[in-house]
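Data block below; observations after.
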Amino acid sequence: MHSFQLLCSLLLCNALVVAAQRKLQKVPEQEEENVTRIRMPQTLSRGWGDEIEWVQTYEEALAISRNSKKPVMVIHHLEECPYSQALKKAFVSSPEIQKMAQEDFIMLNLVHSSTDDNLAPDGHYVPRILFVDPSMTVRADLTGKYKNRMYAYEPEDIANCE
């Protein structure tokens with residue numbers, strides 16, 4: 001009889017935890033089966049799009065890229081850089097770019113300089129965006145308009161991508 005009471009207590013506790021989680025998530029019980037996944041904002045987005053799934057490291061991005069056959073988009077920026085802030089604002093305000101980032105790329109944004117020379121083929125300036133295909137090759141054919149900063153993009157360049 002003792003184990004039966006213990007089991008009932010555990011089931012009751014579990015029911016209370018589930019009810020509390022529903023209340024915290026504000027998911028009505030009748031809609032629960034329609035909700036597949038509630039996504040919390042990611043700190044890895046750093047303001048570039050909370051709906052985008054961001055990876056934490058270049059190595060993680062390459063591994064996922066190989067398995068998914070999707071290219072990697074690496075955004076190098078600095079929080080205090082006005083050019084980075086302007087590009088971020090244009091990136092976030094473009095629904096087309098946000099959708100493309102969500103569906104077509106493995107996304108990584110870096111706010112620190114990398115020691116990997118593959119991530120700085122023509123220098124360590126910001127902002128710069130590199131595209132790496134699933135074979136782990138930086139795409140030299142996907143560059144911006146500047147010859148001395150090949151991977152630099154400006155806010156008005158976003159319109160050309162849409």
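Counting all heavy atoms, side chain and backbone alike, D133 lies closest to R139 at OD2-CD, 3.7 Å.
In this structure, Y83 shares a hydrophobic cluster with no other residue, the cluster being traced through Ile, Leu, Val, Met, Phe, Trp and Tyr side chains under 4.5 angstrom apart.
Under the salt bridge (Lys or Arg N to Asp or Glu O under 4.0 Å) criterion, E59 pairs with no residue, sequence neighbours left out. Partners of Y58 by ring pair (Phe, Tyr, Trp, His ring centres under 6.0 Å), not counting sequence neighbours: none found. Listed by chain and residue number, K99 satisfy the salt bridge (Lys or Arg N to Asp or Glu O under 4.0 Å) test with E103 (two or more places apart in sequence, or in another chain). For T137, the side chain to side chain donor-acceptor pair (under 3.5 Å) criterion is met by S135, not counting sequence neighbours.
Here the CD-OG distance, from E53 to S45, works out to 12.5 Å after rounding to the nearest 0.5 Å. With rounding to the nearest 0.5 Å, the separation of CD1 in I52 from CG in L108 is 12.0 Å. The distance from atom CG of L110 to atom CG of L119, rounded to the nearest 0.5 Å, is 7.0 Å. Rounding to the nearest 0.5 Å places CG of L87 at 9.5 Å from CD of E156. Between the NE2 atom of H124 and the NE2 atom of H76 there is a distance of 9.0 Å, given to the nearest 0.5 Å.
Note: Y153 and F131 have perpendicular aromatic rings, judged against thresholds of 30 and 60 degrees for the angle between ring planes. Between W54 and F91, the two ring planes are tilted [angle within 30° to 60°].
Annotation: salt bridge (Lys or Arg N to Asp or Glu O under 4.0 Å) contacts involving residues 62-71, sequence neighbours excluded, are absent.
Listed for the Q98 side chain is no donor-acceptor partner under 3.5 Å among the backbone atoms of E51. In this structure, D157 contributes its side chain and E154 its backbone to a donor-acceptor pair below 3.5 Å. S65 contributes no side-chain N or O that, together with a main-chain N or O of A61, makes up a donor-acceptor pair within less than 3.5 Å. Of the possible polar contacts, none joining the R128 side chain to the H77 backbone as a donor-acceptor pair under 3.5 Å is found. Listed for the S93 side chain is a donor-acceptor partner under 3.5 Å among the backbone atoms of K89. Side-chain atoms of N109 never come within 3.5 Å of backbone atoms of V74 as a donor-acceptor pair (strictly under, hydrogens ignored). Judged by distance alone, the side chain of S84 and the main-chain N or O of L78 form a donor-acceptor pair under 3.5 Å.
Within 6.0 Å of the NZ atom in K145, the count of heavy atoms belonging to other residues, nucleotides or ligands exceeds 12. For CD of Q56, the number of neighbouring non-hydrogen atoms (other residues, nucleotides, ligands) closer than 6.0 Å is 12 at most.
You'll find the side chain of I106 reaches within 4.5 Å of the side chain of S68, heavy atoms only.
A chain of hydrophobic side-chain contacts below 4.5 Å, direct or via other Ile, Leu, Val, Met, Phe, Trp or Tyr residues, connects V138 to V55. When the side chains of ILVMFWY residues are joined at heavy-atom separations under 4.5 Å, either directly or via intervening members, I129 and V126 end up in two distinct hydrophobic clusters. Each of I75 and V111 belongs to its own hydrophobic cluster when Ile, Leu, Val, Met, Phe, Trp and Tyr are linked at side-chain heavy-atom distances under 4.5 angstrom.
For Y146 and Y151, the gap between ring centers reaches or exceeds 6.0 Å.
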Begin with the C-alpha distance, continue with both residues' side-chain angles, and end with the deciding distance and a verdict on side-chain contact (heavy atoms from CB on, under 4.5 Å) for M73 and L130.
CA-CA 6 Å; M73 182 188 301; L130 297 156; over 6 Å; no
The test is side-chain contact (heavy atoms from CB on, under 4.5 Å); show your working for Q102 and M107 and say whether it passes.
CA-CA 8 Å; Q102 288 173 29; M107 298 297 296; over 6 Å; no
Could you walk me through whether I97 and W48 pass the side-chain contact (heavy atoms from CB on, under 4.5 Å) check?
CA-CA 11 Å; I97 295 295; W48 288 82; over 6 Å; no
